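Here is the naming used below: chain letters follow the sequence lines, and residue numbers restart at 1 for every chain. Note that the coordinates shown come from a computational prediction; the quantities given were computed from them, not determined experimentally.
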There are 2 protein chains.
Amino acid sequence: MLNSPPTTDWREARRQSAHDAIVDAAWSLADDMGLAGWSLRDLARRAGITVPTVYAYFDSKNEIYDAMFGRAASIFAERMAEPFDVEGPREILVASVHRFCEFCTSHPARYQLLFQRTLPGFEPSPDSYAHAIAALAGARHRLSLNGITEARHVDLWTALVTGLADQQVANDPGGDRWTRLIEESVVMFLTHCQSTPLAPSRGPHRVGTKGPPT
Amino acid sequence: MLNSPPTTDWREARRQSAHDAIVDAAWSLADDMGLAGWSLRDLARRAGITVPTVYAYFDSKNEIYDAMFGRAASIFAERMAEPFDVEGPREILVASVHRFCEFCTSHPARYQLLFQRTLPGFEPSPDSYAHAIAALAGARHRLSLNGITEARHVDLWTALVTGLADQQVANDPGGDRWTRLIEESVVMFLTHCQSTPLAPSRGPHRVGTKGPPT
DNA sequence: GTCTATAGCTGGATAGAC
DNA sequence: GTCTATCCAGCTATAGAC
């Protein structure tokens, strides 16, 4: 009877749900007012509580940003891991870019927090980062299904995909000026990578690279 | 003798130089503390003046941001318009991407203000935008020297280039993980565009497009 | 855990002497 | 144009009753 109660209590669950409600309200505000355009007063009002109650769950505003990052990264990883309703490795790759761009353009504030480093003194915690790494592993897998395994090509891929999403978010939000280039971009990328033979099943040695020096 | 003095006075010149000195100090602070990480007090201290003196030259902090944008856009346009010390249209294209990425990575705060839209309520004034348009015209010209004239391909180009710069700034500042992919990227891009024949000198009609629907 | 009340500070912006 | 001095709104964060 003197034992302390188990940590996985219904209390814990309630606390967790209140915690999540605050993060939800924070994201709602960020979508409306911009990532840095809201205060703890605003947050408390939207969550239907008061500022000290916020501090019962978070030690600082930065901790709230970190929770927002963690949640967004988790959603991102889950979304990108969902199965694709197309067949063929190339079609899956195309669909993944469409999904990525849709993820980015649908919530610009989320895109800003996850993929641009714009908040003054904010750094995401390491475990939040794990989600992003998992998502990158998924992309690597989809690339490998297309015979792309070289690190150089993976980097080129991330540049191409983020460039499309970035231009779409920045210069044509709500439109399709860049997303409609996705299929063509994938064709360009695959054609290029498959035309630089590297004996993929023979090992990691490089053959006939014309690559940039330095 | 009762005539008012001409407006292009030495007074104007002195006022202009004081104005510029404040903008210089603002950029110096932005580089050190982040684009939004400084106050008017900080700015005055670094400029060696006081806050009310700042208000003798600018009506608000947003007006300072606009002046910063204008100056950065002007420098950008000038930098990208400088001649390239290489020969051949392809080599010029490669050199222009190197120059662009160097411009972006050397001052991340400047990159953030010019190419990412991250400040809460800030919109650059139209004349500041003129510089950016001039720079885009330069890129269009360099592309046309390589036979690239289609709007779709220009958009693909901007996505590719900004993607490289963005990844370099965000994930490997100070390194060359993405900038070393520039030449390969240009080869990939040109090979792709030149393999989609469009009878460039025959007019704007499209031939054999396999392009994305919708 | 949640509140009322407020501390302590910093932000942008101004008044008015010189 | 430049200063000293200050206003006031807003911010994050906390004290202490319940």
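Rounded to an integer number of Å, the gap from CG of A/Leu40 to P of D/dT12 is 4 Å. One atom, CG of A/Leu43, and another, P of D/dG10, lie 17 Å apart when rounded to the nearest Å. Rounded to whole Å, atom P of C/dG12 lies 9 Å from atom CD1 of B/Ile64. What separates CG of B/Asp59 from C1' of C/dT14 is a distance of 13 Å, to the nearest Å. Put simply, NZ on B/Lys61 is 11 Å from C1' on C/dT10, counting in whole angstrom units. Regarding A/Tyr55, its OH atom lies at a distance of 17 Å from the P atom of C/dT4, rounded to whole Å.
Note on ring orientation: taking the six-membered ring where Trp is involved, the planes of B/Tyr65 and B/Trp38 are tilted (angle from 30° to 60°).
Every pair tested for salt bridge (Lys or Arg N to Asp or Glu O under 4.0 Å) that includes a residue from residues 54-67 of chain A fails, sequence neighbours excluded, so the list is empty.
B/Thr105 and B/Gln168 form no side-chain donor-acceptor contact under 3.5 Å, judged by distance and modelled atom types alone. No side-chain N or O of A/Ser60 forms a donor-acceptor pair with one of A/Asn62 less than 3.5 Å apart. A side-chain N or O of B/Asp42 and one of B/Ser39 form a donor-acceptor pair less than 3.5 Å apart. Judged purely by distance below 3.5 Å, without hydrogens or angles, the side chains of A/Thr118 and B/Gln112 pair a donor atom with an acceptor atom. Side-chain polar atoms of A/Glu184 and B/His192 form a donor-acceptor pair below 3.5 angstrom. Using modelled atom types and a 3.5 Å distance limit, the side chains of B/Asp20 and B/Ser17 yield no donor-acceptor pair.
For B/Pro89, the side chain to side chain contact (heavy atoms under 4.5 Å, CB included) partners two or more places apart in sequence, or in a different chain, are B/Leu145, B/Asn146.
A donor-acceptor pair under 3.5 Å links the side-chain atoms of A/Asp172 to the main chain of A/Asp176, judged by distance alone. Of the possible polar contacts, none joining the B/Glu78 side chain to the B/Glu82 backbone as a donor-acceptor pair under 3.5 Å is found.
Separation of atoms OG1 (B/Thr158) and NE2 (B/His153) is listed at 12.5 Å; rounding is to 0.5 Å.
Non-hydrogen atoms lying under 4.0 Å from DNA chain C are contributed by nothing in residues 65-72 of chain B. Near DNA chain D, meaning a heavy atom under 4.0 Å away, there are no residues from residues 20-31 of chain A.
Inter-axis angle, ends of the helix from C/dG1-D/dC18 to C/dC18-D/dG1, five pairs per end, rounded to 10 degrees: 10°.
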Between the protein and nucleotides 2-6 of chain D, are there any N/O to N/O pairs under 3.5 Å, and if so, what are the atom names and distances?
unit_1 : atom_1 : unit_2  : atom_2 : d
D/dT2  : OP2    : B/Tyr57 : OH     : 2.9
D/dC3  : OP2    : B/Thr50 : N      : 3.1
D/dC3  : OP2    : B/Thr50 : OG1    : 2.9
D/dC3  : OP2    : B/Thr53 : OG1    : 2.6

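Residues A/Phe76 and A/Phe115 place their aromatic rings such that the two centres sit under 6.0 Å apart.
Distances were taken from every side-chain heavy atom of B/Ser60 (C-beta onward) to each of C/dG12, D/dT12, C/dA13; the shortest belongs to C/dA13.
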